[in-house]
There are 2 protein chains.
Amino acid sequence: MATKNIKSGQAKFGEEDVLRQIEQAVLDHRLVPGTKLKEVQLANLFGVKRGLIRKVLTRLAHSRLVDQTPNRGATVAKPSVKEGQDLFATRRIIESAILETLIGHAEEKHVQQLGRMLDREQKAYLCGDTERALGLSVDFHRELARMAGNSVLEEYLNDIIRRTPLVILTHLGGDEHNRCRNQEHEAIVDAIARRDVKTAKKVMHQHLLHIEGKIKHKPEKPPADLAELLRPHSVGQSA
Amino acid sequence: MATKNIKSGQAKFGEEDVLRQIEQAVLDHRLVPGTKLKEVQLANLFGVKRGLIRKVLTRLAHSRLVDQTPNRGATVAKPSVKEGQDLFATRRIIESAILETLIGHAEEKHVQQLGRMLDREQKAYLCGDTERALGLSVDFHRELARMAGNSVLEEYLNDIIRRTPLVILTHLGGDEHNRCRNQEHEAIVDAIARRDVKTAKKVMHQHLLHIEGKIKHKPEKPPADLAELLRPHSVGQSA
DNA sequence: TGATAAAATATTGTTAACAATTTTGTTATC
DNA sequence: GATAACAAAATTGTTAACAATATTTTATCA
């Protein structure tokens, strides 16, 4: 196992940094469900003390990104089919409420901002930078939540977004169908511009169903090298 | 300050126990927003090590029940007016979705179970045991969520329920108007029995507005003795 | 070979001691 | 008395050493 020291002694990482790195790795599908997360290994990887890692793992467990078993450590969570379904169902509810709230007080500048995001996303996609496109696609949903202005709804959507990749990887297999369709994002922005709540919701609903419909049990995936997976990665590519 | 040793050396408390004790104290309005939570004090109170308390406080901070400032410790959270409004708005959305989901597959036994809970709540109220009535009233909402069968929705409702008392105490003042009206609970169960989603939602909406409408800034509250507040209390009175 | 038991190793969990910081209290000066 | 500077105490934050548990390896025997 050459999983050690590859990234040791990097720049100073704080608790928040380590947390975000791991969250981002999950979001990017680099960290797959079931992967064992050993404390010393991670500590070396990030060049921090074990206590720090310990706190981070606890927090990740609390937000259901990792499973923690007493005396047996932590692994990247493997949500059940049921949890996946509940997560998607709830996402439809939350995103629907976000649209309704947002359209209730949407201004021209909001629509313009969303338009710009769409362009960036489209551009990245055409450039073949699919990883960036994926990130921007997620940012689109986040931005809708932010614009809606309800901090609790935003919080919950972010929670769902963080957990969704694990459901997809556990039950939908590889990196095949997990991307938002730009076309549908456009239709949503159009509906918002027209203050057409009904259409916006309908499109969003359809949009989310495209992914959910494919959930089914899909066993096993080979584990991989942690040091490789958690390598350099800027967190939050919305810049 | 005789806040020490009053409860020291009690039965063995685990992390989960301490967490629940404090959560319950918040739910029961015994612990008011702004109260300082010192680590050694709590450790003595529950007869546990400081490290344990430390973990619990972190978890409570994560679920927004306490505010933690670096080097300056933890206090019971004081949610802003905005957060309170967002919380209530989200609660309407979530409870609405719960009703819709539940009515989608409600069976006779569900309605009967809810009826029994109503009776118990009513009884406690008539007996003058308002604290128990309050608890049962909360349990009613929890039970709706459980019956709906969506674990994520349930999780979010529980989160909202945990945070709500802090909003009420911070912005609504004393223990005046914070109780659910049994009458409205009954109307909700009736609507469920008739599978009348529209009415159920409407009543619930009204039900929640009764509280929210009264939010406004209401400054200060005198702090009190911790040892007193966190004394004996069975957690989960739904028995 | 295969199964079982024992030892060695690795991993997680806890704690007490220490360090860093903030808060409180005291004194001195005006 | 009020203010500032300093010292003392209290509180929070970190860590390294140890304990407990789980996992892997080795040894033994049928």
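Quick note on labels: first sequence line is chain A, next is B, and so on, each numbered from 1.
When DNA chain D is scanned in the 5' to 3' direction for atoms under 4.0 Å from non-hydrogen atoms of chain A, the outermost contacting nucleotides are D:dT14 to D:dT23.
Where A:Arg50 and A:Asn71 each meet DNA chain D at their nearest nucleotide, the meeting point lying more 5' is that of A:Arg50.
Note on residues 66-77 of chain A: no pairs pass side-chain hydrogen bond (donor to acceptor under 3.5 Å, both in side chains), not counting sequence neighbours.
Ring planes of A:His207 and A:His141: parallel class, angle under 30° (limits at 30 and 60°).
Across all strands, B:Gly73 comes closer than 4.0 Å only to sugar-phosphate atoms, never to a base (heavy-atom distances).
Taking 4.5 Å as the limit, some side-chain heavy atom of A:Thr101 sits within range of a side-chain heavy atom of A:His105. The side-chain heavy atoms of A:Arg59 and A:Glu15, taken from C-beta on, include a pair separated by under 4.5 Å. Between A:Tyr156 and B:Asp159 there is a side-chain heavy-atom pair separated by less than 4.5 Å.
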